[in-house]
Enquirer: 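Sharing a structure with you now.
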Amino acid sequence: MRVLNAIESCSRGWRILLTVALLLCTGLALAQTDDSQGDTADPPARVARLSYTSGDLGLMPAGGTDWSAADVNRPLTNGDKLSSGPDARAELELGGAALRIDSQSDIGVLNLNDQIGQFELTQGTLSITVRSIDQGATYEIDTPTVALVINQPGTFRVDVGANGNGTTVTAFDGGGIVYGENSAQREVFSGRSYQFNDSSLNDMTVSDIQGRDAFDAWSNDRDAQYTNANTEQYVSPDVVGAQDLNQYGNWQQDDDYGAVWYPTTVAADWAPYSLGHWVWVGPWGWTWVDAMPWGFAPYHYGRWVHLRNRWGWIPCPPRTRPIYAPALVAFVGIGRGGPVGWFPLGPHEVYNPWYRASRNYYTNVNVTNIRIARNINQVTVINNIHNQYNFYRDGRPITGVNYTNRDVPHAFTSVPAQAFASARNVQSYQSHMDPKQLAGAPVMSPATLQRPLPTSFGPPRNANARPLPAAGFNRPVVAIRAPAAAAAASFHAGQPASNVRVLNVPQHVAPRVVSGQTFPRYNAPAQPQAAPRPAAPTLPQVPHFAPAEQIHQAQQPPHYVPPQSVEQAPHYTPQQSVQQAPHYVPPQSIQQAPHYTPPQQPYVQQERERQAIIEQQQQQQRFDAAQRAHQYVPEQQPREMQAPREVQPVPSYQPMPQQYAHPEVARPEAQPHPQQNAPHPQHYTPPSKGDSQH
């Protein structure tokens, strides 16, 4: 039975993989059949999540005219700006990377999509850790002095003074490229700090990293939390916010849906999309911001299901890169101006955006967020996507769909239209309507949704908060890439002109920097790394010959290597594994000599190339190990020099004086180190000529 279950499980896994591939291929085929819309107007596939805040933090949303409150789980995209007050900190999670700011820092999102993460830092301190990055993708930090480009994993810190003069780039881990005026560029390497005082990169100071402050320690702690999350077996690493799931819930296997995540910090009558508020974030439009600390990934990826009287979240396939959605719900209402209601989409139901997008985007945002399970027919899902796109394209309400979660208790939530469009807390303004009142109401089309108001971009800041500039950041920064247009600029005029000055840097001169080391993450600071260019600070290159112990042995005089003729010596022969032992074996031509005759040529001539000596040392170590088990003592050896145990006599070998005796004879069997067995020629006393004639 266990064998049959294993075979069935394996077969089910293959069916799921084939189904995902079929869905992706079908999406591509459907996209190629529709030329009415291009892909240029599609929204980005990812956003930055405001995953941590402390202290006074202000948000200037793209398209807004006033600073608003910066809430955790707020999505940030092109044109958004953050400003931190004294003793404040914030973190942006990017999916594969995390960007953090210290107190008194101002940053802005210039361009964020699948391949680019471009940010400006006009003052203060910024830290960015890139955990993984695709080939060809880059992160860019633009400052008033230089632009830093990162295209490999690593950890970097960028500091800009309050007056905007000068930029310090510290590479804790990994490498990058700094660009300046007139196509000037310089590579930065792990373990170094670079102070740039002008944009020409001529006035520069390079130093080793001396230590880390409290902001660096906090950033390391945050990095460690991402490392220990361990959710990749259930969720794709590209799902933003997945690192919070294990802390606030648990995973359980379901026969129909596979791995399902259940939150453990919610009330019994809780339902998804009921604790939080709606904001307008271009180009998606209405976007859900959840109030729970874990409330990002389950509201922008995957689907919700109600099983055994509780809600569970079904993630997207773990090997698929999902496309971000502002909220995976279906809206229900009675027309513009009336109450606005919604409920979460079920496991296999099609998401119909309330913003315009191409067929390719429409297909992919559904395919990448629907996990095909045993009770879901993949052909049905493909047909539903194809059929509902026709309604979506024409702006018609979706009909003929039986939504699973619509009738689940507490699944339906509604608020007055004014509260919906003013970023009000849903729990405080929730409408207590009879569910039967909206039971027959159709799912709303995008054209009938509430239009944004000036208050739709975010909840207001605390009245006692510090004043912030209403015009945004006016200090200019330099960049190698032009920023993206503000997504919501069309809704409100009077936006400040772009403060980004694009450098004249051809894109092809940005090579991929590879440090060639294994990055020591989240522990001690990275060791200084050798620079590949003479212009950069260099460290000596150490060739890898052998471990340190063996290199140290090579400095000692080597053992005597007998001539080739000793291969036929009739005396003691070591084991087969050490036939090439470099210890002395008397030549055949002097078998009758009672005394040892040293070679006439100087000993130092036996030392050859370094690599050969190392090989001899390795052979010597193997032979020494064998000799400890097979030591011998010559028959003519004086009584005072005899070894502590009896061995077979060797009549042709005359022992040397005591100071040059065989190492294994004068020592106990336990040897502390092989290199101590080496003979010392300076104590050797050669025999007289009369001795050599016997």
Side-chain angles (χ1 to χ4, degrees), residues 43-44 46-53 56-85 88 90-94 99 101 105-113 117-122 240 276-291 295-296 299-300 324-327 354-355 419-425 449-463 465-474 483-500:
R46 68 166 175 169
V47 296
R49 173 206 181 194
L50 187 56
S51 52
Y52 178 93
T53 64
D56 183 18
L57 187 68
L59 168 67
M60 173 65 77
T65 57
D66 296 315
W67 290 89
S68 64
D71 298 321
V72 172
N73 293 324
R74 165 73 186 233
L76 270 68
T77 186
N78 302 332
D80 291 340
K81 303 177 187 298
L82 283 177
S83 179
S84 61
E91 177 189 73
L92 297 181
E93 184 186 351
L94 307 171
L99 185 147
I101 61 173
S105 301
D106 297 333
I107 67 169
V109 183
L110 299 180
N111 198 348
L112 182 61
N113 55 38
Q118 183 181 6
F119 303 87
E120 64 174 347
L121 175 66
T122 56
V240 177
H277 61 273
W278 292 91
V279 295
W280 182 272
V281 178
W284 298 273
W286 296 115
T287 300
W288 176 257
V289 179
D290 198 76
F296 193 88
Y299 295 99
H300 304 288
Y324 162 87
W354 38 91
Y355 47 91
F420 175 85
S422 300
R424 301 297 184 182
N425 185 280
L449 281 174
Q450 178 71 29
R451 301 302 298 168
L453 303 174
T455 56
S456 299
F457 297 93
R461 280 170 52 83
N462 192 316
R466 65 189 174 98
L468 293 172
F473 305 163
N474 295 323
S490 59
F491 292 101
H492 294 280
Q495 294 296 314
S498 175
N499 62 328
V500 178

Enquirer: Kindly compute the distance separating CZ (R46) from CG (N113), expressed to the nearest 0.5 Å.
Expert: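 The CG atom of N113 is 7.0 Å from CZ of R46, to the nearest 0.5 Å.
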Enquirer: For the pair V47 and V281, evaluate side chain to side chain contact (heavy atoms under 4.5 Å, CB included) and give the outcome as yes or no after the intermediate values.
Expert: CA-CA 11 Å; V47 296; V281 178; over 6 Å; no
Enquirer: Which atom names give the shortest non-hydrogen contact between F457 and S68, and what distance separates them?
Expert: O-OG, 4.4 Å
Enquirer: So which heavy atom on P75 is nearest to which on Y324, and how close?
Expert: CG-OH, 3.5 Å
Enquirer: Within the structure provided, determine whether D71 and V279 are in side-chain contact (heavy-atom separation under 4.5 Å).
Expert: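 SC-SC contact between D71 and V279 ruled out.
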Enquirer: What distance separates L92 CG from R74 CZ, expressed to the nearest 0.5 Å?
Expert: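 Taking CG in L92 and CZ in R74, the distance rounds to 12.0 Å.
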Enquirer: Are the side chains of L59 and L50 in touch, meaning some heavy atoms are under 4.5 Å apart?
Expert: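 Not touching, per the 4.5 Å side-chain cut-off.
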Enquirer: So do the side chains of Y299 and N73 get within less than 4.5 Å of each other, counting heavy atoms only?
Expert: no
Enquirer: Parallel, tilted or perpendicular: which one describes the rings of W278 and W288, with boundaries at 30° and 60°?
Expert: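 The rings of W278 and W288 stand perpendicular, inter-plane angle above 60°.
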Enquirer: Determine whether a donor-acceptor pair (N or O, by modelled atom type, separation under 3.5 Å) exists between the side chain of W286 and the backbone of A327.
Expert: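 Side chain of W286 to backbone of A327: no pair is present.
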Enquirer: Closest heavy-atom contact between T455 and A423?
Expert: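 It is O-CB, 3.9 Å.
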Enquirer: May I ask you to decide if A62's main-chain N or O and D80's side chain share a donor-acceptor pair within less than 3.5 Å?
Expert: yes
Enquirer: Closest approach of L94 and A48, non-hydrogen atoms and distance?
Expert: CD2-CB, 3.3 Å
Enquirer: Just verifying a value: how many Å separate L99 CG and E93 CD, rounded to the nearest 0.5 Å?
Expert: 12.0 Å
Enquirer: Any heavy-atom pair between the side chains of F119 and I101 that's under 4.5 Å?
Expert: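 With C-beta onward as the side chain, the pair stays apart.
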Enquirer: Any ion pair linking R461 and D56 (charged N to carboxylate O, less than 4.0 Å)?
Expert: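 Counted as a salt bridge, because a side-chain N and a carboxylate O are separated by less than 4.0 Å.
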Enquirer: With a 3.5 Å distance limit and no angle check, can you tell me whether S456 reaches the backbone of A421 through a side-chain donor-acceptor pair?
Expert: yes
Enquirer: Report the distance from atom OG of S83 to atom CD1 of I107, rounding to the nearest 0.5 Å.
Expert: 10.0 Å
Enquirer: Just by modelled atom types, is the P326 backbone N or O under 3.5 Å from a matching donor or acceptor in the T287 side chain?
Expert: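 It does not hold such a pair.
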Enquirer: Hey, does W284 have a side-chain heavy atom less than 4.5 Å from the side chain of P44?
Expert: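 In short, these two side chains touch, coming nearer than 4.5 Å.
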Enquirer: Ignoring hydrogens, what is the shortest heavy-atom contact between S84 and R466? Give both atom names and the distance.
Expert: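 For S84 and R466, the tightest heavy-atom pair comes out as C-NH2, 3.0 Å.
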Enquirer: Quick one: pull up CH2 in W280 and CZ in R451 and give me the separation to the nearest 0.5 Å.
Expert: 5.0 Å
Enquirer: Distance from L453 atom CG to F420 atom CZ, nearest 0.5 Å?
Expert: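 Separation between the atoms: 10.5 Å.
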Enquirer: Should V109 and N78 count as side-chain neighbours, where that means a heavy-atom distance under 4.5 Å?
Expert: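 They are in contact (side-chain heavy atoms under 4.5 Å apart), so the answer is yes.
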Enquirer: What heavy-atom pair brings A70 and L82 nearest, and what distance separates the two atoms?
Expert: CB-CD2, 4.2 Å
